[in-house]
Structures are given as structure tokens and as C-alpha cells.
Novice: 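This is the structure I want to talk about, given as C-alpha cells.
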Amino acid sequence: MDWIYIAQLRKHVGEDVEVRGWLRRKRSSGKIHFLSLRDGTGFVQGIVEKSSVPEELFNIAKKLKMESSIIVRGTVKREERAPGGVELLVKDIEVISIPNKEFPINKPDHGIDFLMDHRHLWLRTQRQFHILRVRHEIIKSIREFYNERGFVLVDTPIFTGSIGESAGNLFELDYFDYGKAYLAQTGQLYLEAACMALGKVYNLGPTFRAEKSKTRRHLIEFWMNEAEVAYYQHEDNIKLQEELVSYVVRKILENAEDHLRALKRDTKRLEKIVPPFPRITYTDAIKLLQKKGFSTSWGDDIGGDEETAIAEEFDKPVVVEKYPRKMKAFYMQPDPENPDVVLCDDMLAPEGYGEIIGASERIWQKEVLVERIKEFGLDLDTYDWYLDLREFGTVPHSGFGMGVERVVAWICGLEHVREAIPFARTLYRIHP
RNA sequence: UCCAGCGUGGCUCAAUCGGCAGAGCGUCCGGCUGUUAACCGGAUGGUUGGGGGUUCGAGUCCCUCCGCUGGAGCCA
């Protein structure tokens, strides 16, 4: 008898198969047991009828508890009433293990503190299964997007020196007797180096921010995809971002629509995500906010509520570009038409999911960069290799970073990014 | 770090003005041949987050500590 994964059962109607998995729930009548089974690929119901199986098998089924690990053998039967279209008429159950304790997650309305404490078991529930499958598809499609376009994967280091956007938010650790090392909060500077060697490059990996942020959009450890392209300027950069985001959404609709439906995501809203995306300058965004009753003025940050207010004007992600120079990082290229703003953009996801991309054209002239480093009060010496990139064969280049969990949260319609990653590191929570 | 809220059986919550600590779910036992958060009957289950105080009497009021949640700042 062949071992078949539940996701493939529809191709085996009428056959006797073996399913290796777990019992996620059991409902019983006096003479029939309904075994809700999962095996990591999907869910199926096993039927054990007293009148058609040996008494011993019926009694084994009776003793099974939630999250018993079992190998079930039986006949695949088409069944219109079943959610997946098929059921398993059980002929044999091989018990691997029956827990002694009751499974703690046994109803739909546990509190978030309890669930996070039991994340290692929470992962087994249907909702988390669907979310993590979508996350997998999203990451897969991000890689596909770049690979199809001739980008080269460049893995940037996680241990770094102190350079980056802002040294205050870095996790610090001892690097033997060498001094301090820091966990990367971006791989951008390394990608800038790599794009001068390989043209079009990207990375995808974990980043760390030592910010005491406690909101639905923040994790301490989160995954970021960054891209950097030599000779790309502001417009090329925005176009690449639009293509990436719409590609990912399209691929998820193609490959993971079942999961989105199971998560009760309104996929109609995702079907609208095709380029071009609406654009607004920072300056116009401030005017829009003022018209909507915010007291924000030019030079102020655009906070969470303001982001949501801007995003709700559009049914696609909106590109907010050309922020004031003083608000943004030192390496961003000033706009030749208005040196008070820089050639950067943030992409805000619809439905209040906030910033999913931060991007800019980078300063490529050495003198300008040196000037900006000084202006920001940064230590020129720590930027020695970064300045080298402007010494040897410097060219205009641009790039961006996309927060994977925020994209997952948006596409899945989650209320909080902590469900968008297998084991979330949030403020003060590192176990399990 | 700051602001706000919450902490009561395994879980989610209730408890009137300060006056006998309760319900639903889970679990266990019994019943039921089509259940999808099954249903019906019964049983089990408590140092009300810790410490201190006020009071004849505190889950409830006060102080303090701890934990959690959301938000601000900052960011993807």
C-alpha cells in the first residue's frame, strides 16, 4: 500500500492508500468515529464505521486523543460533503504515539499570550498551516522574480561593523577579543558593493532592529528582501518595485488561492494589484493629510495613522516619493530639481498594512557623500570601504528593502505580523 | 522609554454598592451511524499574578512589584 500525502489524495479515488500524520480532532457517535487527520500537506477526514470494521479497530479509534500520531490505511472515497472533496474509509490504524496530556490548543478563541507561549504547538493548527504555506509561496515567488530577471543572489553578512542607517538600533555583541560586532539591520551597503561587481543583485534574510517597538507592524527579528541595481535611477527603481510586488501577488493568487480562501482573505482586492501603482510626492501627501484634518506639516514624519489615511485613498499600494532630505538616511541622492528632497520612495500597502518597501537612489559622487556623512555627524573612518565604492568606477545606483512579514500579513489579511513568521521575536518574547 | 488597558479553574470570560467564587468550552464517564467549533446527560476542576495595607469582611478599594496586550516615538 502506497504512502500518499493528503494533498494528493484526490488523484487516488478508489485506491487503498496509507496516510502518515496526526489526529487533529475526533468526533464520535456511538457507532461511527470521524477522525480529522492532517499530515503537513492538508487535512482529510477518516471514517471508522462500527458496522464495517473489526471491533478492535473501532476500539483503537475510540482511544485516540487529539494530536495522536498515527498511520492510517484505508480507501479514498469521493465525498461531496467533505471540504477537500474526498474522505478516507479507514481499514487500519497504526498508533505511533498517544499523548498522556491533553493538547492545550483545543478551541478557536485562545488569547494571544497563551498562543504565543505555545507557538511550537500553535503551528499545527489549520490557520497557521495556511499562513505558513502562503509565506513559503511568497518567498519562493520573490526568488523567482529576481532569478527570471538575471539578478544574482548575494547573501549579505549578519555580523557587521557599526555602519548602517542608525547605530542606535543595533544589537551589539562581543566578537571574540576583536571588539564589538552588530547584528545586521540591513544588507544594503554590502549590496551596493556587490552590484558594482554583478550588476543586478538581491538578498533575502533576517535583519535585526533593537527598537522597543510594540505594534502590529513590528518584529525585532524580521526577514527582508533587498535589491540593488547599478545604473538604475529613481524611476527605474520604482518600476522594479511595482513589478516585484505585482508579480508576487499574482503568483500567490495562482499558486496559493486555496490557502487565502481558507484564511477568508478577500482575493478580489488582491486581483487589483497590477502596475502602475499610484504615486504621490511627500509634499502632496502632506497637503492631502492636511485636507483630511491632520495637523502634520512639511518636514514632519508620516506616522502610522497618517500612512493608513494616505493608503485608504487608493486600492493599490501607493508610492510616496521625494521626502525631505533631513528626515532620511545620509546616503540618499538629492533631487536635482529640488535639493531639499531626496530621490527616495516608500511603498504603502493598502488596507492599513503600512510601509512594505523603503527605497532610494544612492549618492554616487564621493564628494557629495563625504559631505553628507559629515552633515549627519557620522564617523568618516567607519565608512572607508563604502567610500571606496565611490572612488573606483562609481555609477548611479538604486535599491530598496521589502519587509517579508508585512507583505505576508497584507496578502493573508492578518491583524499582526507575529503570525506571518514561524517563530516571532517580539519585544520581550523570545520563547519558544 | 512613555501612555493606556488587562491579570479569576487547563482555556475564554462573569461576579451588582466591598457581603456564600460562577458559566461556557476542554478533560473524564455514559448516550447517539454523517459529524464539521457536533449534540444530549453526568462528573472533575480555584492560594482570584506576588507582596503589603484599609476594613467586621477584599476578586472588588489603596500602595508596590511582576507579567501580558495595544499604541507613541522609530522603522520594513
Novice: Could you check whether A/Glu405 gets within reach of a base, just the sugar-phosphate, or nothing at all, counting any heavy atom under 4.0 Å?
Specialist: nothing

Novice: Within a 6.0 Å radius of atom CD on A/Glu148, are there more than 12 heavy atoms belonging to other residues, nucleotides or ligands?
Specialist: yes

Novice: Would you tell me if any nitrogen or oxygen in the side chain of A/Arg27 comes within less than 4.0 Å of OP1 or OP2 on B/rU35?
Specialist: no

Novice: How many Å lie between CD on A/Glu211 and P on B/rG71, as a whole number?
Specialist: 15 Å

Novice: Identify the nucleotide, in any strand shown, that forms a Watson-Crick or G-U wobble pair with B/rU60, with both distances under 3.5 Å; if there is none, say none.
Specialist: none

Novice: Between B/rG57 and B/rG52, how far apart are the two P atoms, rounded to whole Å?
Specialist: 16 Å

Novice: Tell me the interatomic distance from A/Tyr323, atom OH, to B/rC75, atom P, rounded to whole angstroms.
Specialist: 11 Å

Novice: For B/rG70, does either OP1 or OP2 sit under 4.0 Å from a side-chain N or O belonging to A/Arg418?
Specialist: yes

Novice: Please state the C1' separation for the pair B/rA21 and B/rU48 - nearest whole angstrom.
Specialist: 8 Å

Novice: Which part of the nucleic acid, if any, lies within reach of A/Arg217 when heavy atoms closer than 4.0 Å are counted: base, sugar-phosphate only, or nothing?
Specialist: base

Novice: Contact class for A/Ser28 (heavy atom, under 4.0 Å): base, sugar-phosphate, or nothing?
Specialist: base

Novice: May I have the distance from A/Phe114 (atom CZ) to B/rG26 (atom C1'), rounded to whole angstrom?
Specialist: 10 Å

Novice: For A/Asp301, which contact category applies under a 4.0 Å heavy-atom criterion: base, sugar-phosphate, or nothing?
Specialist: sugar-phosphate

Novice: Nearest whole Å is fine: how far is B/rC11 C1' from A/Trp122 CH2?
Specialist: 15 Å

Novice: Would you measure the distance from the P atom in B/rC66 across to the matching atom in B/rG22 and give it in whole Å?
Specialist: 33 Å

Novice: Quick one: which of B/rA72, B/rA76, B/rC68 gets closest to the side chain of A/Arg209?
Specialist: B/rA76

Novice: Establish, yes or no, whether the cationic atom of A/Lys316 lies under 6.0 Å from the six-membered ring centre of A/Phe277 and within 45° of the ring axis.
Specialist: no

Novice: Out of B/rA72, B/rA37, B/rG34, which has the shortest distance to the side chain of A/Thr215?
Specialist: B/rA72

Novice: Roughly how far apart, to the nearest Å, are B/rG59 and B/rG18 at atom P?
Specialist: 13 Å

Novice: For the side chain of A/Ile32, starting at C-beta, report the closest nucleotide among B/rC74, B/rU33, B/rA76.
Specialist: B/rU33

Novice: From the set B/rA37, B/rC74, B/rG26, return the single nucleotide nearest to any side-chain atom of A/Asn169.
Specialist: B/rC74

Novice: Mind checking A/His218 for me? I need base, sugar-phosphate or nothing, with any heavy atom below 4.0 Å counting as a touch.
Specialist: base

Novice: Classify the nucleic acid contact of A/Gln126 as base, sugar-phosphate or nothing, counting any heavy atom under 4.0 Å across all strands shown.
Specialist: nothing

Novice: Using purine N1 to pyrimidine N3 plus N6-O4 or O6-N4 for Watson-Crick, or N1-O2 and O6-N3 for G-U wobble, both under 3.5 Å, which nucleotide pairs with B/rG18?
Specialist: none

Novice: Using whole Å, report how far NZ of A/Lys214 lies from P of B/rG67.
Specialist: 11 Å

Novice: When you match A/Gly303 and A/Phe222 each to their closest nucleotide on RNA chain B, which lands nearer the 5' end?
Specialist: A/Gly303

Novice: With a 3.5 Å limit on both atom pairs, tell me what B/rG10 is paired to, counting Watson-Crick and G-U wobble, or say none.
Specialist: B/rC25

Novice: I'd like to know whether the aromatic ring centres of A/Trp22 and A/Phe43 sit less than 6.0 Å apart in this structure.
Specialist: no

Novice: Do the rings of A/His259 and A/His130 sit parallel, tilted or perpendicular, given the 30° and 60° boundaries?
Specialist: tilted

Novice: Which nucleotide, B/rG26, B/rA37, B/rU33, lies nearest any side-chain atom of A/Asn106?
Specialist: B/rG26

Novice: Report yes if some heavy atom in the side chain of A/His33 is under 4.5 Å from a heavy atom in the side chain of A/Lys62; otherwise report no.
Specialist: yes

Novice: Looking across every strand, which nucleic acid part, if any, lies under 4.0 Å from A/Arg24 by heavy atom: base, sugar-phosphate, or nothing?
Specialist: nothing

Novice: Contact class for A/His118 vs. all strands (heavy atom < 4.0 Å): base, sugar-phosphate, or nothing?
Specialist: nothing

Novice: Expressed in whole Å, how much space separates the P atoms belonging to B/rC11 and B/rC68?
Specialist: 16 Å

Novice: Tell me if the NZ atom of A/Lys326 is crowded by more than 12 foreign heavy atoms within 6.0 Å.
Specialist: no

Novice: Is any side-chain N of the basic residue among A/Asp315 and A/Arg269 closer than 4.0 Å to the acidic one's carboxylate O?
Specialist: no

Novice: What's the closest nucleotide to the side chain of A/Lys31 if the choices are B/rC32, B/rU27, B/rU69?
Specialist: B/rC32

Novice: Please name the nucleotide paired to B/rU1 by Watson-Crick or G-U wobble geometry with both distances under 3.5 Å, or report none.
Specialist: B/rA72

Novice: Could you tell me whether the phosphate oxygens of B/rG70, OP1 or OP2, come under 4.0 Å of any side-chain nitrogen or oxygen in A/His416?
Specialist: yes

Novice: Check if the side chain of A/Ser213 and the base of B/rC75 share a donor-acceptor pair of N or O atoms closer than 3.5 Å.
Specialist: no

Novice: Between A/Met402 and A/Ser52, who's closer to the 5' end of RNA chain B by nearest nucleotide?
Specialist: A/Ser52

Novice: Select base, sugar-phosphate, or nothing to describe what A/Glu49 touches, counting heavy atoms under 4.0 Å on all strands.
Specialist: base

Novice: How far does the C1' atom of B/rG49 sit from the matching atom of B/rG42, given to the nearest Å?
Specialist: 33 Å

Novice: Determine, answering yes or no, if A/Phe34 is stacked on B/rG34 under the 5.5 Å centre rule and the 30° plane rule.
Specialist: no

Novice: Please report the distance, rounded to the nearest Å, between CG in A/Asp113 and C1' in B/rG70.
Specialist: 13 Å

Novice: Tell me what A/Tyr428 touches on the nucleic acid: a base, only sugar-phosphate, or nothing, going by heavy atoms under 4.0 Å.
Specialist: sugar-phosphate

Novice: For the side chain of A/Arg406 and the base of B/rC75, is some donor closer than 3.5 Å to an acceptor across the two?
Specialist: yes

Novice: Please determine whether a side-chain nitrogen or oxygen atom of A/Arg216 lies at a distance below 4.0 Å from atom OP1 or OP2 of B/rU69.
Specialist: no

Novice: In whole angstrom, give me the gap between the C1' atoms of B/rG73 and B/rC2.
Specialist: 9 Å

Novice: Considering Watson-Crick and G-U wobble pairs with both distances under 3.5 Å, what does B/rC39 pair with?
Specialist: B/rG31

Novice: Students often get this wrong, so: under 4.0 angstrom with heavy atoms, is A/Lys65 touching a base, only sugar-phosphate, or nothing?
Specialist: sugar-phosphate

Novice: Please say whether the positively charged group of A/Arg149, taken as NZ for Lys or CZ for Arg, lies over the ring of A/Tyr247, i.e. under 6.0 angstrom from the six-membered ring centre and within 45 degrees of the axis.
Specialist: yes

Novice: In whole angstroms, how far is the C1' atom of B/rC68 from the CE atom of A/Met116?
Specialist: 12 Å

Novice: Given B/rU1, B/rU36, B/rA76, identify the nucleotide with an atom nearest to the side chain of A/Lys212.
Specialist: B/rU1

Novice: Answer with base, sugar-phosphate or nothing: what part of the nucleic acid does A/Ile357 contact at a heavy-atom distance below 4.0 Å?
Specialist: sugar-phosphate

Novice: With a 6.0 Å cut-off on ring centres, are A/Phe376 and A/Tyr331 close enough?
Specialist: no

Novice: Taking A/Gly14's backbone N and O only, do any of them form a donor-acceptor pair with A/Thr75's side chain (distance below 3.5 Å, no angle check)?
Specialist: no

Novice: Starting at CD of A/Glu87 and ending at P of B/rU35, how long is that distance when rounded to a whole Å?
Specialist: 11 Å

Novice: Is a donor-acceptor pair below 3.5 Å formed from side chain A/Ser51 to base B/rU33, judging by atom type as modelled?
Specialist: yes

Novice: Which whole number of Å gives the distance between the C1' atom of B/rG5 and that of B/rG9?
Specialist: 24 Å

